[in-house]
**Student:** 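Sharing a structure with you now.
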Protein chains: 2
Amino acid sequence: MTKLQSQGREPFEAVDRAPEAQADGFATVRQAHESEIAEDYVELIAELIETRGEARPVEIAERLGVKPPTVTKNISRLKAAGLVRREPYRAIFLTDAGQDLAEICRRRHRVVVAFLLSLGIDKETAERDAEGIEHHVSGTTLEAFERRLNQK
Amino acid sequence: MTKLQSQGREPFEAVDRAPEAQADGFATVRQAHESEIAEDYVELIAELIETRGEARPVEIAERLGVKPPTVTKNISRLKAAGLVRREPYRAIFLTDAGQDLAEICRRRHRVVVAFLLSLGIDKETAERDAEGIEHHVSGTTLEAFERRLNQK
DNA sequence: TAGATAAGTTAGCCATGTCTAACTTTGTAC
DNA sequence: GTACAAAGTTAGACATGGCTAACTTATCTA
């Protein structure tokens, strides 16, 4: 666990943590990065299927701000991971696992955005920051956000 | 800008954003990833200098949970970026630019941790989540966190 | 139904960030 | 002052996630 907080020289003193705990934290962040792409893709695919009727690479590329070959490559990885189902040159569908993941991500995304908005942050910033923050919000923290949202 | 929120079928409806705004958001996240390592390193180096008197690769490796060669490689990049000063086989020092960045990062880190703690989240989780979240918190959001902290 | 255009893929490049194995340097303890 | 252990570096591999250029497939339209 963590040691006690130190003397309080500064307004918010750094919590002095055990090296392994700190290393674990960074490992968690690195792991989160690896799943971010999968999460962003399934989230976006679910969104596109809902709003557009289907998810096409060209649209995914546009929304993510990347080029089509990047999408092709990443979709293959998603397929290998069992998250999407698809034939070459056709639209992209989510497997059950993909849909479950999308559901979790979209819900988490909405909670984070709503929470930021509740702090008085403007929509554009809330969406922008949520995009990055959401992947690093643990279940515990997400619950805290929801608790705060409900008690308002 | 964003369109208006839609019908509200779900508890938190997804905000329907223009594709370019969304793409910008993802681009911002990708950019943030590129500076994360630099930020983590200078933050940690500043911390080690303060608490241990000097920053050594072996300790950085231990704290970040990576192997020494990884640290060597990343420190070279930091040196190339003008953030650290150092001779091979000797301790690592921050340049003025590195110190400025460290200061900003440490302050942001402390605010994020304090904010999470203020939501009733336990220390270990707060530290862990902050490690990932801090790199994606814009100035606007950081201010909102501080405002909230001060008004308690 | 033939061509043109748009969409999608493949191939191959690059940078990042991790690793292991092997080597060099530093510092210390006799 | 030498030898050994610890710290640090170098070399080289690998996966990820971008890109461009060139090719293939699908679609639409005249």
Side-chain angles (χ1 to χ4, degrees), chain A residues 19 23-45 48 52-81 83-93 131-132 135, chain B residues 19 22-45 48-49 52-81 83-93 131-132 135:
Chain A
D24 265 20
F26 286 112
T28 301
V29 174
R30 283 193 298 271
Q31 263 192 300
H33 285 164
E34 289 186 17
S35 28
E36 272 186 42
I37 290 213
E39 294 183 356
D40 287 340
Y41 274 74
V42 297
E43 199 174 331
L44 182 51
I45 290 166
L48 288 172
R52 291 281 189 283
E54 61 174 16
R56 288 253 160 213
V58 67
E59 190 120 7
I60 295 173
E62 193 196 358
R63 300 289 191 116
L64 294 178
V66 300
K67 303 293 176 184
T70 301
V71 173
T72 299
K73 212 184 251 187
N74 286 328
I75 293 293
S76 315
R77 276 197 272 264
L78 259 48
K79 189 177 174 182
L83 294 171
V84 308
R85 194 158 30 85
R86 101 128 160 169
E87 307 303 317
Y89 298 100
R90 319 311 287 278
I92 298 151
F93 300 92
E131 218 88 79
H135 303 288
Chain B
Q22 202 172 1
D24 265 21
F26 285 111
T28 302
V29 174
R30 283 193 298 271
Q31 264 193 299
H33 285 165
E34 289 186 17
S35 27
E36 272 186 42
I37 291 211
E39 294 184 356
D40 286 340
Y41 273 74
V42 298
E43 200 174 330
L44 182 51
I45 289 165
L48 287 173
I49 289 175
R52 290 282 188 285
E54 62 174 14
R56 288 252 161 215
V58 67
E59 190 120 9
I60 294 173
E62 192 196 359
R63 299 289 190 118
L64 293 178
V66 300
K67 302 293 177 185
T70 301
V71 174
T72 299
K73 212 184 251 188
N74 286 329
I75 292 292
S76 314
R77 276 199 271 264
L78 258 47
K79 189 178 175 182
L83 294 170
V84 309
R85 193 159 31 84
R86 101 127 159 170
E87 309 303 319
Y89 298 99
R90 320 310 287 280
I92 298 150
F93 301 93
E131 217 89 79
H135 303 288

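Naming convention: chains lettered A, B, ... in sequence-line order (proteins, then strands); numbering from 1 in each chain.
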**Student:** Round to a whole Å and report the spacing from CD of Glu36(B) to P of dT16(C).
**Tutor:** 15 Å
**Student:** Considering only heavy atoms and no angle criterion, is a donor-acceptor pair shorter than 3.5 Å present between the side chain of Lys73(A) and the base of dG18(D)?
**Tutor:**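 Such a pair is found, so the answer is yes.
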**Student:** Among the candidates dT20(D), dT18(C), dA26(D), find the nucleotide nearest to the side-chain atoms of Lys67(A).
**Tutor:** dT20(D)
**Student:** Given atom CG of Leu48(B) and atom P of dA7(D), what is their separation to the nearest angstrom?
**Tutor:** 14 Å
**Student:** Test side-chain contact (heavy atoms from CB on, under 4.5 Å) on Ile92(A) and Arg85(A) and set out the steps.
**Tutor:** CA-CA 6 Å; Ile92(A) 298 151; Arg85(A) 194 158 30 85; over 6 Å; no
**Student:** Can you tell me the distance, in whole Å, between the CZ atom of Arg86(B) and the C1' atom of dT9(D)?
**Tutor:**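 These atoms are roughly 9 Å apart.
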**Student:** Write down the distance between CZ (Phe26(B)) and C1' (dG18(D)), rounded to a whole number of angstrom.
**Tutor:** 16 Å
**Student:** OP1 or OP2 of dC19(D) less than 4.0 angstrom from a side-chain nitrogen or oxygen of Thr70(A), does that happen here?
**Tutor:**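 Yes, such a contact exists.
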**Student:** Are any of the side-chain heavy atoms of Val58(A) and Val71(A) separated by less than 4.5 Å?
**Tutor:** no
**Student:** Can you confirm whether Glu54(B) is buried at CD, in the sense that more than 12 heavy atoms of other residues, nucleotides or ligands lie under 6.0 Å from that atom?
**Tutor:**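 Yes, the 6.0 Å shell around CD holds more than 12 heavy atoms from other groups.
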**Student:** For DNA chain C, whose closest nucleotide is more 5', that of Arg77(B) or that of Arg56(B)?
**Tutor:** Arg77(B)
**Student:** Whole Å only: how far is the CD atom of Glu34(A) from the C1' atom of dC14(D)?
**Tutor:**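 Rounding to the nearest Å, CD of Glu34(A) and C1' of dC14(D) are 13 Å apart.
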**Student:** Among dG8(C), dG17(C), dG8(D), which is the nearest nucleotide to the side chain of Ile37(B)?
**Tutor:**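 Of all the options, the side chain of Ile37(B) is nearest to dG17(C).
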**Student:** Round to the nearest Å and state the distance from Arg30(B) atom CZ to dT16(C) atom C1'.
**Tutor:**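 Interatomic distance, CZ of Arg30(B) to C1' of dT16(C): 15 Å.
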**Student:** dA21(D), dG18(D), dT10(D): which one has an atom nearest the side-chain heavy atoms of Pro69(B)?
**Tutor:** dT10(D)
**Student:** Select one nucleotide: of dG8(C), dT24(C), dT18(C), the one nearest the side-chain heavy atoms of Pro57(A).
**Tutor:**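 Ranking dG8(C), dT24(C), dT18(C) by closest atom to the Pro57(A) side chain puts dG8(C) first.
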**Student:** Could you check how far CG of Asn74(A) sits from P of dT10(C), rounded to whole Å?
**Tutor:** 14 Å
**Student:** Could you grab the distance from atom CD1 of Ile60(A) to atom CD1 of Ile45(A), nearest 0.5 Å is fine?
**Tutor:**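 Those atoms lie 4.5 Å apart.
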**Student:** Can you tell if the side chain of Arg30(B) reaches within under 4.5 Å of the side chain of Val66(A), non-hydrogen atoms only?
**Tutor:**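 Yes, side chains in contact.
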**Student:** What's the CD1-C1' distance between Ile75(B) and dT18(C), to the nearest Å?
**Tutor:** 15 Å
